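Atoms within each ligand, like the ligands themselves, are counted from 1 in listed order. Everything quoted here is computed from the prediction, not taken from an experiment.
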Amino acid sequence: MIDKREFYINGAWVSPLAGRDCEVIDPSTEEACATISLGGTDDSNAAVAAAKAAFESWSQIDPETRLGYVKKIRDIYVERAEDMAQAISLEMGAPIDMARSSQMTAGTWHIDNFITAFKDFKFLRPLGDHAPNDRIAMEPIGVVGLITPWNWPMNQVTLKAIPALLAGCTMVLKPSEIAPLSSIVFAEIIDAAGVPAGVFNMVNGDGLGVGTDLSTHADVEMISFTGSARAGAAISKAAADTFKRVCLELGGKGANVIFADADDKAVTRGVRHCFNNTGQSCNAPTRMLVERSVYDQTIEKAIEVAGKTKVATAHQPGNHIGPVVSAAQYEKIQGYIQKGIDEGARLVAGGVGRPEGLNRGYFVRPTIFADVSNDMTIAREEIFGPVLSIIPFDSEEQAVAIANDTPYGLTNYVQSQDGAKRNRMARKLRSGMVEMNGQSRGAGAPFGGVKASGRAREGGVWGLEEFLEAKAISGWDSAAE
Ligand code: NAD
C-alpha cells in the first residue's frame, strides 16, 4: 500500500495545509492500493505563489538552459521507466505489458518530439521585409495550471509540462485524483533533474477543489486541460472572470469509414483500435461506418476479433485488455450497453455483465453493436469502454454526412485503397485529425480537435506555441540585436 499524502511545492515534498485523505483504487482488484491527499485552497494558493515567484527567473534564462533541463528529465524518465509503467498499470488498469510499451513510452515520445521542435524554434521573429524594424517576440504566458485525466496519464502530463517548461512558463499540475501515482513519479523525476524550485509544482486534488482553485486564480494565466467536455465547459466558465487562456482537449466519437476497397486488415485493425486501452481513449474509432456491399462480412470479421480479445487483470503479462478505471465508469458503460439493446441496435458480441470467469475488478465484455443508427445514444455519446457501434452507409457523401453528424470532432479514420477518395475524405471530415489506412500521425503533428472535442493543439511546434504569447514590437534596432 503506497502512502503519498504530500505535494510537490517550491522544490520540496510538503504536507498538505488543508488536505483530506483519498484512496486510490486498483481497478483490477477493486481494492485500495494507495492513499493520497486531496488538497484544499490553501495548498492551491501555496503552489501558485511558488510558481509566480519562480516565473521571473525561469522565463528570462537562456532557452538552451531550459532545454538542458528537459534533456535531463528525459534521461531520468527513461531510468524510471519501469516505475512509471508500474504506477500507470496499478492506478488505471493498463495491462503491464501495454503500460510498458504504450502508456509509459508515450511520455518519451512527446519529450523527444518537443526537443526536436525546440531546436529550430524562434522566440524572436521578423514580421517581414515590409517592416524591417518590427519583431514578433514569443513570450511565455506566465503561471499555467495543468489539469489532466486518468486514461493516458503520462501522455497528457508530458504534452503539457514539457512544452510549458521549454516555453519558460512556471506551473501547477493537478493530475487526476483517480490516477495520481504516475504524476508523483513524474514530480520525483523533475526533482531529480534539478529543475529550479517553484518552476514545477504538483498538488493532488479533485475537480471541484484544486481544479476550480486553479481555474479561478487571478495569478494563473492559462489552464491547459484534458478531460471530459463537461469539465472543459465548467473550466471555461470558471476561467472567464480572470480572462485566462483556456486550452481544451476533450472527448471524441471518431468515425472509422471502411470502404469496400479497404485493405484486408482494416476491420481487424479498427476493432482492435477501438478496444485498445479498454476503449478508454479520446481518439478511439468507436463508430465503424461500413459500405453496404461489405457490411455482412465486416460484421462477421468484427465478431471474430471481439471473440479473440482476451480480458484479464492488469498485473498479468500478455496482450489482453484490462479493466476499465473505476466502479463509476463500469456502471456507466453497463448503462450504455443496455441502452443500445433498448434502443434497438443488434448486439453481435459481448453484452452486459463481466466476462466469464471474472467476478471482481471492473472488467467489461468486448461489445459490438451492428445496425446502429447514428441518432442512437450509443452512436452519439462517448462511452469510454470497449464498445463498438457498426453503421452501414451507401455512398461517400452519406459516409461524410454520418461521420460529421456528431457533437465531437477529434480523430476520424478512413480505410480505402483509392488515394483520390482518401484525399477527398480527409478534407471533408470535420475533425482535428484524420488517420488513414492505419497510418498514425507523424512525430510533431498537432493533436487536437474541433467542436465538443475542444480546440487545443498539443505536441510539436503547435504545443510549444500554446504556452506563448505573440508580442508585436515596432521600432526595434536590428543593429543592436
Ligand atoms: P474528467 O473531466 O472527469 O477529469 C479530468 C480532470 O479534470 C481531472 O483531473 C479532474 O479532477 C478535473 N476536473 C473535473 N471537473 C473539474 C472542474 N469542474 N474544474 C476543474 N477541473 C475539473 O475526465 P476523466 O474522466 O478523467 O477523463 C476522461 C475524459 O477525458 C474523456 O471524455 C476523454 O475523451 C477525455 N480525454 C481527452 C483527450 C484529448 O486529448 N482530447 C485525451 C484523453 C482523454
If you measure from each non-hydrogen atom of [X] to ligand 1, which part falls under 4.0 Å: side chain, backbone, both or neither?
X	answer
L410	side chain
P149	both
E177	side chain
W152	neither

- Item | cation_pi(R354, Y330) dist<6.0 Å, angle<=45 | yes
Quick test: of every protein heavy atom, which one is nearest to [atom], and how far off is it to 0.1 Å?
atom	answer
atom 38 (C) of ligand 1	C282 SG, 2.8 Å
atom 7 (O) of ligand 1	F225 CE1, 3.0 Å
atom 16 (C) of ligand 1	G207 CA, 3.5 Å
atom 9 (O) of ligand 1	T148 O, 2.7 Å
atom 34 (O) of ligand 1	E382 OE2, 2.6 Å
atom 35 (C) of ligand 1	G227 O, 3.2 Å

Sub-4.5 Å side-chain heavy-atom contact between [X] and [Y]:
X	Y	result
S224	E458	yes
L166	F467	no
Q86	L90	no

Give the atom numbers and elements of ligand 1 that come within less than 4.0 Å of a heavy atom of [X].
X	value
T226	5 (C), 36 (N), 37 (C), 38 (C), 39 (C), 40 (O), 42 (C), 43 (C), 44 (C)
F447	39 (C), 40 (O)
N151	43 (C), 44 (C)
A231	2 (O), 14 (C), 15 (N), 16 (C)
S176	9 (O)
G211	20 (C), 21 (N)

Is the closest N or O pair between [X] and ligand 1 shorter than 3.5 Å?
X	value
E458	no
L250	yes
K174	yes
W150	yes
S228	yes

Pair [X]-[Y], side-chain donor/acceptor within less than 3.5 Å:
X	Y	value
S431	N412	yes
Q415	N256	yes
Q156	N151	yes

Does the residue [X] have a heavy-atom contact with ligand 1, meaning some pair of atoms that are separated by less than 4.0 Å?
X	result
G454	no
R230	yes
Q156	yes
F384	yes

- Within 6.0 angstrom of R245 CZ, more than 12 heavy atoms from elsewhere: yes
- Query: CZ of R272: more than 12 outside heavy atoms within 6.0 angstrom?
  - Reply: no
- Residues E188, R80: salt bridge by 4.0 Å N-O rule: yes
- Using a distance threshold of 4.0 Å (strictly less than), state whether atom 13 (N) of ligand 1 has a protein heavy-atom neighbour. yes
- Using the six-membered ring wherever Trp is involved, compare the ring planes of F384 and W150 and label them parallel, tilted or perpendicular (cut-offs 30° and 60°). perpendicular
- Task: Just say parallel, tilted or perpendicular for the rings of F114 and H110, cut-offs at 30° and 60°.
- Result: tilted
- Message: Using the ring centroid of each side chain, check whether F200 and F186 are separated by less than 6.0 Å.
- Response: yes
- Message: Tell me whether D26 contacts the main-chain N or O of S28 through its side chain, where contact means a donor paired with an acceptor under 3.5 Å.
- Response: yes
- Message: For atom 18 (N) of ligand 1, which of the options A456, A328, A234 provides the nearest non-hydrogen atom?
- Response: A234
- Working to the nearest 0.5 Å, report the span between NZ of K339 and OG1 of T377. 4.5 Å
- Task: Could you tell me which non-hydrogen atom of G252 sits nearest to which non-hydrogen atom of S453, and how far apart they are?
- Result: CA-OG, 4.0 Å
